[in-house]
Amino acid sequence: MLSRVAENLYWLGRYLERAENIARMARVEHEVMLESGQEIWHSLVSTTASNQLFWDQLVESPDLTHSEFLIYTMQNPASLRATLVRARELARGLREHISREVWEEINALYLFLALRKEYIARDIHEFCTETQRRTQTILGLYDNTVLRDEGREWFRCGMYLERADMTSRIIDAKYHILLPGGDSVGGPFDRFQWTAVLRSASAREAYRRTGNSEVDGIKVAELLIFSQEFPRSLAFCVQALQRHCQLATAETPNRRRAAAERGIALLHLDIGVMDMEQLVEEGLHEFLDFFQKRLIDIDQAITDDIFRAVPDAEPGVGRFQRQSQTATGIDQN
Amino acid sequence: MANEFLHDYQDSGPSSDEMFDETGAFRDDYRELGEMLQGWTLDDHLQREERADLALLSAGITFNVYSEDEGTERIFPFSLIPRIVGAQEWSRVEAGLKQRLRALNLFLLDVYGDQRIIKDGVVPAEIVLSSPGYRPEMAGFRPPLDIYAHIAGCDLVRDDQRGMVVLEDNLRTPSGVSYVLENRTVMLRVVPDLFPRWGVRAVADYPNQLLNMLLSVRPNDSGDQPRAVLLTPGIYNSAYFEHSFLSNQMGIPLVEGPDLTVGDDDVVYLRSTSGLERIDVVYRRIDDDFLDPLVYRSDSLLGVPGLMRSYLNGHVTLVNAPGAGVADDKVVYRWVPEIIRFYLDEDPILANVETFSPLVPAELDHICARARELVIKPANESGGYGVLIGEQASDAELEDTLTQVKEDPRNWIAQPLLQFSTIPTFDGDRLKPRRADLRPFVLSGQDTWVIPGGLTRVALREGSYIVNSSQGGGSKDTWVLNEEPG
């Protein structure tokens, strides 16, 4: 498969998954805010790692709200809207690799966003719900209408890598509640927060189904990190990433796939030999931080060795002129 | 006419109309359609038009407009009333186009070969060699099957006296065929009831014909399974939709410059996740100037370094051949009837529009004296840019253009203002006459094939002569009627 196409499919998977996560988190945060009266959008801004940018933008437009920044402004490259605009741009360049149904749904979502000429705070809920529903429709259509070839495996790699990253950030945003001496551990506000975490990860039903009734921070974190059954947990995502990466690289020479596969396998092993008790002892935040860094390394290995490798000399081919990589509309954020 | 929106259909003065004759009655080929339309209410029409627009928008069948912000997309305005071409008339057009392309390909072979036509004094040397489309590095090179202009789009208009005439040839990277195919799809969905009893000639075979043609011109040293790719400048190009559409329909990779690389063996390779794969034919949708930064513009990021070396050594075929533009130069166009007679010893089946070149002294005098009756065009612009219509221009505009013509006669041509025919086109609440042209596409490889019909472009403003999409033109489906079963 053409390297650029593989890379763009991988990023299409990442962006769509990211958009779905942002929409879901924003919807939950919005409800929590309405109910609790507490402005907690800032934690979401840090979940998407855009704190500095937010403050920079605030200097330019003092009326900017956290929610507008997170959902709507194109100045924030990680905003929901910016993410979807880029997904659609990639999809335009991939039309022959995705089904017409998937393309039309991505394009319809783009037109839905384009029709919103301005940000309207009271519409956040409807806006996010609709975006989430449409994004999920796209992911579902992708699974059911697109040929299961190498490209689809790259799409899935991107999707699971992004999902692992987002779930880890969702937990990380609330890790401080688990710290000894944290505010009102186990109190009603604490439960309220962890319920929001579960909903942010679409995990409320899964949590109950796995035999838990009382909402408890440790158990929530355990489900979201270690569950083999819950499709958004870190363990599940890493395992899926490993499977799809193996399928995607079936025809890739060993030396080009080695670093990525080694990185994924090691991360898989590391999660497999840990438990929750150990994590709390050694520091949940440190673990999540480490986990995110490992994902960055894996992404780097896939990008450098597989997508953008300059071919070595091969018999009959010889030396190659190195060409500058054109921008593919991709950022590494 | 009882129908509310066919009511008051105004004849647009000097032009004839495709649907109605001078007495206001339906022409034969349009009778069945016209009678059907008379049964429609305004609402019927509006609803279907809306459904068609929605189908095009949601499918992302859009083009970018250069004069607006980058990335601005618009749908190509689509008009439901089709253009109809009768079976007999079509066979004449088809034969005429095949003849024309045969002659133009022989002309290109000659220009880059012995230059007999220049030596015999039929076409002046300075006109050929000074054409911006002329590529000296092609001299002495013979492409596979001696074909240069593999894909051609010839713009036809109907003139009262002579029927269909050729307004211009596009032999570099003509675009628009995807709209032909998509317009038909939309029509079949939205107005299935309008299609005539004996049906119309299908256009859907184009991608197969195109792929067969591409593979038929592969280089001599290619293996058992030759591979073609479509080379695009990328998603910001105005015709990107078409690039994606065609590569998808043909099942060949859509590539950008950096996706290809040329080895020391001068073979072109595709960079894939599993390694390098040989490419035999490149259907390039980028201009000559950007093909290869080692030969042409060194600042081009769109092309592939070494591509021309590979081509000239016979390891890859470029479609269309670099340098084919010399034959669609608007000044060279003036000599196409002579070109047809010279190589084929036949009279042209399809006439040219009468054209004056300021390089010929008598013709320059004519241009200056009769400027008000002429259309003065830059010879090497496309998309309708820089065209001056004498009748509509201000004195200052006219003066300015004539000065430019005298200063740089090689760069201009003039033609009489053609009162080319109109087709009923919906505007506001009724049908109005709007001028239209027709661009059929001709494929030349092992065989020559003409798409039945082509892209009908229509001026959407009253009285306008400019049909280009970038200038607010729209498009229509084109129906070539099947012969009625005897």
Side-chain angles (χ1 to χ4, degrees), chain A residues 1-8 10 85 88-100 103-108 110-111 114 150-151 153-154 248-253 256-257 302 305-329, chain B residues 54-62 64 71 73 185 229-230 232-237 240-267 269-279 293-294 301-307 309:
Chain A
M1 157 161 275
L2 194 55
S3 302
R4 175 179 51 86
V5 168
E7 180 170 5
N8 288 354
Y10 168 84
V85 166
R88 191 264 188 172
E89 196 147 289
L90 285 183
R92 262 190 89 197
L94 293 167
R95 290 185 56 162
E96 67 280 16
H97 298 276
I98 56 183
S99 63
R100 190 173 182 124
W103 159 251
E104 290 194 359
E105 198 61 30
I106 292 175
N107 197 40
Y110 169 82
L111 294 171
E150 185 188 333
E153 301 304 333
W154 285 121
T249 57
E251 311 234 318
T252 305
R256 285 173 65 182
R257 59 193 280 191
I302 292 175
D305 293 0
I306 301 174
F307 296 149
R308 299 190 180 177
V310 174
D312 297 340
E314 286 175 26
V317 175
R319 183 177 49 80
F320 282 83
Q321 279 124 359
R322 198 180 234 286
Q323 292 177 16
S324 60
Q325 291 282 344
T326 51
T328 45
Chain B
L54 200 66
L56 292 168
L57 186 66
S58 72
I61 301 170
T62 54
N64 298 344
E73 295 161 38
T185 308
V229 294
L230 195 157
T232 174
I235 65 169
Y236 295 112
N237 184 266
Y240 180 76
F241 163 73
E242 175 153 310
H243 307 162
S244 157
F245 177 89
L246 287 176
S247 66
N248 195 10
Q249 295 280 314
M250 288 188 282
I252 65 173
L254 177 64
V255 304
E256 296 174 17
D259 296 333
L260 298 178
T261 183
V262 181
D264 267 2
D265 55 359
D266 288 349
V267 168
Y269 293 94
L270 180 83
R271 297 170 194 269
S272 85
T273 49
S274 54
L276 297 168
E277 297 163 16
R278 175 170 180 176
I279 297 304
L294 299 181
L301 292 174
L302 303 175
V304 184
L307 186 58
R309 190 180 71 229

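Naming: A, B, ... by sequence-line order, numbering from 1 per chain.
Between chain A and the residues V255(B), D266(B), V267(B), the most heavy-atom pairs under 4.5 angstrom are made by V255(B).
Counting only heavy atoms from C-beta outward, the side chains of L270(B) and L2(A) approach each other to under 4.5 Å.
Each of H97(A), R92(A), R95(A) was scored for a side-chain contact (heavy atoms from CB on, under 4.5 Å) with S244(B), with one residue passing: R95(A).
Within the 4.5 angstrom heavy-atom criterion, only side-chain atoms of E150(A), from C-beta onward, approach chain B. Heavy-atom distances place the side chain of R100(A), and not its backbone, under 4.5 Å from chain B. Of the atoms belonging to A6(A), it is side-chain heavy atoms, and not backbone ones, that fall under 4.5 Å from chain B.
In this structure, CE on M250(B) lies 10.5 Å from CD on E96(A), to the nearest 0.5 angstrom.
Taking all atoms of both residues into account, the shortest heavy-atom contact from I235(B) to G93(A) is CG2-CA, 3.8 Å. The shortest heavy-atom contact between S272(B) and S3(A) is C-OG, 3.3 Å.
The closest donor-acceptor contact from the side chain of T252(A) to the backbone of T273(B) lies under 3.5 Å.
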